[in-house]
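Notes for the one structure printed next.
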Amino acid sequence: MRQSTLFGRTLREAPSDATTPGTRLLLRAAIARPLAAGLYTWLPLGFRVARKVEQIIREEQDRIGAQEIRIPVITPAEYWKETGRWDTLEPVTFRTRDHGGREYMIGYTHEELVMHHARSEIQSYRQLPAIVYHFQEKGRDEERPRAGLLRVREFVMKDAYSIARDFEELDRQYWAEHDAYARSFARMGLDAISVESDTGNMGGDVAHEFQVLTDVGEDRIVVCPSCDYRANMEKATRAPAPAAAAPADLPAYASIDTPDATTIETLERRLGLPARDFLKTLLLRDAEGSVVAVVLPGDRELNEAKLRKVLRTSAVKFASEADFTAAKAVPGYVGPVALRARTLVDASVEPRGYVAGANRKDTHLRDVVPGRDFRGERVDVHDVAAGDRCPKCGAGLAVRRGVEVGNIFKFGPYYADKMDATYLAEDGTRRPLMFGSYGIGIGRAVQTIIETSHDERGIVWPKAVAPFDAHVVALPSRDGAVPPAADALVAELESAGIEVLYDDREETAGVKFADADLIGIPLRLTVSARTLKEDAVELKGRRAENGTLVPRGEIVATVKELARP
RNA sequence: CGGGGUGUGGCUCAGCUUGGUAGAGCGCUUGGUUCGGGACCAAGAGGUCGAGAGUUCAAAUCUCUCCACCCCGACCA
């Protein structure tokens, strides 16, 4: 590929709204270009990377016996209505009608469609197990696209779907996919770890995410430094702190005056007590409008994902004024004592005396003892914090940020039950198709590679996904001998199966080298008057500081050996 | 959706407070010099100042409405 004709130019400066290093390099190195919020066009260099990432995933899916298919982007409403997701996905999907008025949506994912095909194709246990997958666009009307390709509104996903006879077979498929994912990410140069995750609006109960730990990630990941415990914050738990014995002789609770002290911070200052000595009581309402109070220690944060799970609801919001009145609570002074609301008490609340809101303006109560002065359902709805003890081994946990590059779900009969998808078992009974689904976002993977593999000069592509194997840079020369020599080298490399980006532009050495570093192809081959005089080619790895001269006669073999891992 | 911010040539930005000829650097074109780490000289091209309405003799600048994009929070690959 001649760089002089490459569609898409490199930028010396990144647009000012590009916030992460990967987004800046994505734009500067002409990998992709924005079209609208959350919509990106792949440029040739980026598209080549995307295709290599796809190919790695394809090979690993094929290796475990998955079969590639292709389901349309535009999907009819009727299948989504069978599972109820036509309604629940409404806020995050793109929809349209045909001229006959029939409803469709751009696939948000493809479980329903696979299940539809499976129930008609699969009649007998003899056809199981099966895994199908495809690479297909997903449309998600995200409320907030972010950071280049990390979160967009349309993206290609490799989504695989496993269909099994029973839980055991599903379990084997699940772990086969888990391993295929681990191999895929490793091959594309991503250091991804698998963590336990919440299932969100996908349904089902067992799920893992593959997370790449990096500061630009949106997810908070709890990692144990001494054992293999890793979990998304939405799911993470901790070993309970040693239960402090409740002092037997605590006095009955009593009012204290706390004018204008509506936050834990104010109370800490005012009363000279640490945040953990307070109880904060949050009045919330779920998607159906039911009100619930959640009691947490003052130093703990509510984990909404956990709470949604406990409440079996899709959204949790703060309570309205009317809700406060009905619960006999006062904003800023909510407390669990004599509160008229369903009360959930977080597991981190200990059996001891606390300061809590009195449900009266400007008043708190001291010596409030859980169990004695109020009751509630015990639940785990708090965020794990750095330093909490690992639920597996007791070591101090760390909290990191991560990019979710893939996830896997074990649904069991969840979809089959809703869609009446059964097969005839060996014993003559009808049984539900056991289902699992597995997704990798291609664009997100590509940008995550950039986020985690670059230096101050540009991208450093892993060999397996680099847009080209080698970057031949022909420097300008007076005698006109360089271009034909470089042409010949490129032709020879290409006929040896090497993918070459050939910088044949009339630019100075500085510009060419800067672009080569920015684009980040693993091997750089320089042809110049200087190298011709030595009958050699300068070879430099992307990370190397200096190149070395390789005799012209050996260069093709040398590159061939270095190019492929 | 809530909160915040920004829209001026392809990119980075100045100009706006205090209304009066639309600017700089980079990039682009042409010619010349240079030639191994983002060269130099000269001459050019390129802008409905996000859109619409209003105020005014006069609007990039003031007012209103709308739009787009970015960032922070709740969801996901």
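Sequence lines set the chain letters: A, B, ... in the order given, protein chains first and strands last, and positions in each chain run from 1. Any value given below was found using the heavy atoms of this structure, including those in side chains, with hydrogens, waters and symmetry copies removed.
- Side-chain to base pairing of A:Glu538 with B:G36: one donor and one acceptor N or O lie within less than 3.5 Å of each other.
- Base pairing annotation: B:A22 forms no Watson-Crick or G-U wobble pair, as no partner gives both donor-acceptor distances under 3.5 Å.
- B:C57 and B:G19: their C1' atoms are spaced 12 Å apart (whole Å).
- For B:A68, the paired nucleotide is B:U6, the pair qualifying as Watson-Crick or G-U wobble because both relevant distances are below 3.5 Å.
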Applying side chain to side chain donor-acceptor pair (under 3.5 Å), run through A:His110 and A:Lys138 and close with a yes or a no.
CA-CA 9 Å; A:His110 282 79; A:Lys138 302 291 179 270; 3.0 Å; yes
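- Note: CG (A:Asp141) to C1' (B:A77) measures 16 Å, nearest angstrom.
- Within 4.0 Å (heavy atoms only), A:Arg524 reaches at least one base atom of the nucleic acid.
- Within the 4.5 Å cutoff, no side-chain heavy atoms of A:Asn546 are placed close to those of A:Lys540.
- Pairing partner, B:A59: none, since no Watson-Crick or wobble contact has both distances short of 3.5 Å.
- With hydrogens and angles ignored, no donor-acceptor pair under 3.5 angstrom links the side chain of A:Thr508 to the base of B:G38.
- A:Ala509 comes within 4.0 angstrom of sugar-phosphate atoms only, judged by non-hydrogen atoms across all strands, and of no base.
- One finds a side-chain N or O of A:Thr19 lying less than 4.0 angstrom from the OP1 or OP2 phosphate oxygen of B:C71.
- Residue ring and nucleobase are not stacked for A:Phe513 and B:G38 under a centre distance beneath 5.5 angstrom and an angle between planes beneath 30°.
- Comparing B:U55 with B:G9, their P atoms sit 28 Å apart, to the nearest whole Å.
- One finds no salt bridge joining A:Asp215 and A:Arg401 here, because no Lys/Arg side-chain nitrogen approaches an Asp/Glu carboxylate oxygen to under 4.0 Å.
- Between B:C11 and A:Arg12, no contact under 4.0 Å exists linking OP1 or OP2 to a side-chain N or O.
- Across all strands shown, B:C35 forms no Watson-Crick or G-U wobble pair with both key distances under 3.5 Å.
- Taking 4.5 Å as the limit, every side-chain heavy atom of A:Val399 sits out of range of all side-chain heavy atoms of A:Ile221.
- In the interface, the side chain of A:Arg28 is paired with the base of B:G38 through a donor and an acceptor atom under 3.5 Å apart.
- For B:G27, the OP1/OP2 oxygens have no side-chain nitrogen or oxygen of A:Arg9 closer than 4.0 Å.
- Taking atom C1' in both B:G23 and B:U61, one finds a spacing of 15 Å when rounded to whole Å.
- Salt bridge status for A:Lys81 with A:Asp87: absent, with no side-chain N to carboxylate O gap under 4.0 Å.
- Rounded to whole Å, atom C1' of B:A77 lies 12 Å from atom CE of A:Met188.
- Side chain A:Arg444 to base B:C76: a donor-acceptor pair is found below 3.5 Å.
- Judged by distance alone with a 3.5 Å cut-off, no donor-acceptor contact links the side chain of A:Asn407 to the base of B:C76.
- Distance, A:Arg153 CZ to B:A77 C1': 16 Å, rounded to whole Å.
- Of the nucleotides present, none pairs with B:A14 by Watson-Crick or G-U wobble criteria with both distances under 3.5 Å.
- A:Ala147 comes within 4.0 angstrom of sugar-phosphate atoms only, judged by non-hydrogen atoms across all strands, and of no base.
- A salt bridge is defined here as a Lys NZ or Arg NE, NH1 or NH2 lying under 4.0 Å from an Asp or Glu carboxylate O, and A:Asp455 with A:Arg542 meets this definition.
- In this structure B:A42 sits in a base pair with B:U30, meeting the Watson-Crick or G-U test at under 3.5 Å.
- Note: CG (A:Asp219) to P (B:C76) measures 10 Å, nearest angstrom.
- Aromatic ring centres of A:Trp461 and A:His454 lie farther apart than the 6.0 Å criterion allows.
- What separates CD of A:Glu506 from C1' of B:U30 is a distance of 14 Å, to the nearest Å.
- Residue contacts for A:Ala14: at a heavy-atom cut-off of 4.0 Å it reaches the sugar-phosphate backbone alone, with no base atom in range.
- Place A:Ala514 and A:Arg478 on RNA chain B by their nearest nucleotides, and A:Arg478 ends up nearer the 5' end.
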